[in-house]
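Scope of the values below: all heavy atoms of this structure, side chains included, with no hydrogens, waters or symmetry mates.
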Amino acid sequence: QVQLVESGGGLVQAGGSLKLSCAASGRTFTGSAMGWFRRAPGTEREFVSAFSYSDGNTYYRDSVRGRFTIARDNAKNPVYLQMNSLKPEDTAVYYCAARRLWSPGASASDYERDTFYDYWGQGTQVTVSS
């Protein structure tokens, strides 16, 4: 069993930056993909970004592409999300997620589905003030 813990959230002014990290406790993470999702008040959880360990591909939702960067870190902190040029509409609780099984034929749309992932963190609040 893998437990995921997010960190790095906080309050920042518009245009600022935050770096979210996702730590894996319980054992060294050896899964196939990591993703970040977010949920703003009164909305559904939505995909933000994902990293595929099988081929190194990265995926982003259109509204964050060019501002956010996802990258692998180390075994204990398997992924981070660097968020630059933050906007008030980025305000949400951000969740990291991990997929255990290798999926070499997965498409971009697969990485965007929350059902693609097996483990989830509790979330970290990101608030961007205008």
Side-chain heavy atoms of [X] within contact of [Y], under 4.5 Å:
| X | Y | answer |
| --- | --- | --- |
| M83 | W36 | no |
| Q125 | T91 | yes |
| L81 | S49 | yes |
| S54 | P104 | no |

Does the side chain to side chain contact (heavy atoms under 4.5 Å, CB included) test come out yes or no for T69 and Y60, once each step is laid out?
-> CA-CA 9 Å; T69 302; Y60 300 93; 4.0 Å; yes
Side chain to side chain contact (heavy atoms under 4.5 Å, CB included) between D90 and R67: does it pass, once the steps are laid out?
-> CA-CA 11 Å; D90 294 319; R67 299 188 296 121; 2.8 Å; yes
Kindly determine whether V79 and R72 satisfy side chain to side chain contact (heavy atoms under 4.5 Å, CB included), including the steps that lead there.
-> CA-CA 4 Å; V79 72; R72 64 187 305 168; 5.7 Å; no
Might you point out which heavy atoms bring [X] and [Y] nearest each other, and give the distance in Å?
| X | Y | value |
| --- | --- | --- |
| A14 | S130 | CB-CA, 4.3 Å |
| T115 | R113 | OG1-NH1, 2.8 Å |
| S17 | S85 | OG-N, 4.3 Å |

If two hydrophobic side chains count as joined below 4.5 Å and joins carry through other members, does [X] share a cluster with [Y]?
| X | Y | result |
| --- | --- | --- |
| L20 | F68 | yes |
| L18 | Y94 | yes |
| V5 | V2 | no |

To the nearest 0.5 Å, what is the distance between CG (D118) and OG (S32)?
->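 The distance works out to 8.0 Å.
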Distance in Å, S63 OG paired with K87 NZ, rounded so as to fall on 0.5 Å steps | 7.5 Å
[Y] backbone acceptor or donor facing [X] side chain under 3.5 Å:
| X | Y | value |
| --- | --- | --- |
| E6 | T124 | no |
| T58 | F51 | no |
| Y119 | R100 | no |
| R39 | V93 | no |

Step by step, would you call V64 with R38 a side chain to side chain contact (heavy atoms under 4.5 Å, CB included)?
-> CA-CA 12 Å; V64 308; R38 67 187 182 188; 4.0 Å; yes
Under the ring pair (Phe, Tyr, Trp, His ring centres under 6.0 Å) rule, what pairs show up with a residue in residues 95-118, not counting sequence neighbours?
-> F37-Y117, Y59-Y111, Y111-F116
Over 12 non-hydrogen atoms of neighbours within 6.0 angstrom of CD in Q122 =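 Atom CD in Q122 is not packed in, count stays at 12 or less.
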